[in-house]
Chemist: 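Please see the structure below; I have some questions.
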Amino acid sequence: MLVLQAVRENREDLIKALKKRNIDPEPLLNKVSELDEKRRAIQTQMDATLAQLNATSKEIGILFKSGKAEEAKELKEKSVQFKEESKKLGEELNAVTSALDETLYLIPNVPHHLVPDGKSTEDNEEVMREGDIPVLKEGALPHWELAKKYDIIDFELGVKITGAGFPVYKGKGAKLQRALITYFLDKNTAAGYREIQVPHLVNAASGFGTGQLPDKEGQMYHVTADDLYLIPTAEVPVTNVLRDTILQAKDLPVCYTGYTPCFRREAGSYGAHVRGLNRLHQFDKVEIVRVEEPANSYKALDAMVEHVKGILRELKLPFRVLRLCGGDLGFTSALTYDFEVFSTAQDKWLEISSVSNFETYQANRLKLRYRDENGKTQLAHTLNGSSLALPRVLAGILENYQTEKGIRVPEVLIPYTGFEIID
RNA sequence: GGAGGAAUGGCAGAGUGGUCGAAUGCGGCAGUCUUGAAAACUGUUGAGGGUCACACCUCCGGGGGUUCGAAUCCCUCUUCCUCCGCCA
């Protein structure tokens, strides 16, 4: 959620930046300004009325104590009027405040100046590309065929148990997956991220804090009996650890890493591009989350990008990094880098990580603040990134590491899997 | 799931209708003293709105109510503790 003060003070800059998202922000911002002014006017009026009410009540108290009941009676009548008036104003204030909030929820985060113009994924800016794309021999298979051939991932079995998009990992497939999770967590921990295990269901307040609610309710599985949501990413519970918190400057940065399964409804898309591991309703992901002082947050974003690069280099997977354009940028993000690995057999890039700086957009909703050197409370910046999402990494490994004898295990993972080849 | 008790500032803990945003202690910060530190002493120390700055307003788990006036009374929800039941 945008900070109101920014709307008041930097209107023109906001409009210019928001236009990168190919939206016309002016009507919404106008509405915000209008409601904001209205709110303040009502508040001022109400405060004045309450002040009178308070003063009158105090007087009544004093009069009663000194036995002047008659005079008190007169004042009582007066205070009833103040009360009615303040009640009326209070209702108006509530109405205007919720209208203001609802309008603010409709405005996405302000893109950073590095965000390129553009409408769709086509316009994302490739900032680097690394690693050799292996030349596969005749008869090389896409990962879903490999999964079947070596009996390591069973998509049909998942359909039986649950439904499409809930695969079952078996044998060395399961072990490889577990190896990846541990490897990622170890890498993140070594880089200074504290490992944390969080609930996989969250309440509405948490969903709201990170921006999944109220807008994207349909993307999450909702457990209606208890009004809880299955997490679409560890970002939600991990970032909400610090909801409603005031940190000390010396506590920053806060760096967390957590492994969780992720659940996404992603209704309505079927076909070749969701085949195999490309898109699932349940998948595993290791996430990194940081809370930073505003002055450091972009340095932190770069550090996170470098960190993810390091992992992909060790895995020896060909990858590229994209800076998302205005049209593809997530609602709550100010700047996002996507990582994609090359799926050789499918001959396409698969997104395996998304690293974003949300600046104060989430923090404002979360009431996540810190006390600066002057003792003033300020909104912190929140960032997160995948390091990494499992299924597509697995797909990349299966396809890029396939040989006639079987699928080789990337060298860094052998200590974790305990085997060198899937055959 | 059943019965009882509780929820107050960073923490501990008073306050049961009137000048209480809240005693006191600990902690934090600043100062005095000291070569320095500790101890001692003095002051200061919640969040949000509002204002150029004051004033002023809101917040004592959440929501609603009674009253001229609520941390204090009533209703309701949530959470925690104790006991019983069930259970990985």
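Everything numeric in this text was worked out from a predicted model, so none of it was measured. In what follows, chains carry the letters A, B, and so on, assigned in the order in which the sequence lines appear, proteins first and then strands, with residues in each chain numbered from 1.
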Chemist: Applying side chain to side chain donor-acceptor pair (under 3.5 Å), name anything that partners A:Thr257, two or more places apart in sequence or on another chain.
Modeler: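 So A:Thr257 forms a side chain to side chain donor-acceptor pair (under 3.5 Å) with A:Asn188.
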Chemist: Which whole number of Å gives the distance between the P atom of B:U19 and that of B:G69?
Modeler: 14 Å
Chemist: Can you list the residues that meet the ring pair (Phe, Tyr, Trp, His ring centres under 6.0 Å) rule with A:Tyr150, with sequence neighbours excluded?
Modeler: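 Residues passing ring pair (Phe, Tyr, Trp, His ring centres under 6.0 Å) with A:Tyr150: none at all.
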Chemist: Name the pairing partner of B:U58, where a pair is Watson-Crick or G-U wobble with both distances under 3.5 Å, or state none.
Modeler: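 Its partner is B:A47 (Watson-Crick or G-U wobble, both distances under 3.5 Å).
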Chemist: Rounded at 0.5 Å granularity, tell me how far CZ in A:Arg392 sits from CG in A:Leu277.
Modeler: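 Taking CZ in A:Arg392 and CG in A:Leu277, the distance rounds to 9.5 Å.
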Chemist: Can you tell me how far P of B:G49 sits from CG of A:Leu100, to the nearest Å?
Modeler: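 That distance rounds to 13 Å.
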Chemist: Does B:G9 have a Watson-Crick or wobble mate here (both distances under 3.5 Å), and if so which one?
Modeler: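 With both distances under 3.5 Å required, B:G9 matches none.
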Chemist: Side-chain N or O of A:Arg371 less than 4.0 angstrom from OP1 or OP2 on B:G46?
Modeler: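 Result: no.
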Chemist: Taking the P atom in each of B:G48 and B:C54, what is the distance between them to the nearest angstrom?
Modeler: 15 Å
Chemist: Where along nucleotides 53-69 of chain B does protein come under 4.0 Å, by heavy atom, of base (B) or sugar-phosphate alone (S), with - for untouched nucleotides?
Modeler: ---SSS--------BBS
Chemist: Please give the distance between the P atoms of B:C41 and B:C74 as a whole number of Å.
Modeler: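 Roughly 43 Å separates the two P atoms.
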Chemist: Name the atoms and distances for all side-chain donor-acceptor pairs under 3.5 Å in residues 79-94 of chain A, with sequence neighbours left out.
Modeler:
residue : atom : partner : partner atom : Å
A:Ser79 : OG   : A:Lys76 : O            : 2.8
A:Ser86 : OG   : A:Phe82 : O            : 3.4
A:Ser86 : OG   : A:Lys83 : O            : 3.0

Chemist: Using the C1' atom on both, measure B:G46 against B:G21 and round to a whole Å.
Modeler: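 Pairwise C1' distance, B:G46 against B:G21, rounds to 9 Å.
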Chemist: Both distances under 3.5 Å, Watson-Crick or G-U wobble: report the partner of B:G21, or none.
Modeler: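 Per the H-bond distance test, none.
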Chemist: Determine which nucleotide pairs with B:C86, using a 3.5 Å limit on both distances of a Watson-Crick or G-U wobble pair.
Modeler: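 Answer to the pairing question: none, since B:C86 forms no Watson-Crick or G-U pair.
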Chemist: Of all residues at least two apart in sequence or in a different chain, which pass the ring pair (Phe, Tyr, Trp, His ring centres under 6.0 Å) check with A:Phe166?
Modeler: A:His281
Chemist: For the C1' atoms, the ones on B:C56 and on B:U67, what distance do you get once it is rounded to whole angstrom?
Modeler: 24 Å
Chemist: Looking only at atom C1', what distance separates B:C29 and B:C80, rounded to whole Å?
Modeler: 33 Å
Chemist: According to ring pair (Phe, Tyr, Trp, His ring centres under 6.0 Å), who are the partners of A:His200, at least two apart in sequence or on a separate chain?
Modeler: none
Chemist: My understanding is that a pair needs two contacts under 3.5 Å, Watson-Crick or G-U wobble. By that rule, which nucleotide pairs with B:A71?
Modeler: none
Chemist: Distance check, P atoms only: B:A7 and B:G61, in whole angstrom units.
Modeler: 8 Å
Chemist: Return the nucleotide paired to B:G31: Watson-Crick means purine N1 to pyrimidine N3 with N6-O4 or O6-N4, wobble means G-U with N1-O2 and O6-N3, both under 3.5 Å.
Modeler: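 B:G31 is paired, partner B:C41.
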Chemist: With rounding to the closest Å, how many angstrom separate the P atoms on B:U8 and B:G13?
Modeler: 9 Å
Chemist: Would you call A:Leu228 and A:Val202 a side-chain contact if the rule is heavy atoms closer than 4.5 Å?
Modeler: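 Side-chain contact under 4.5 Å: no.
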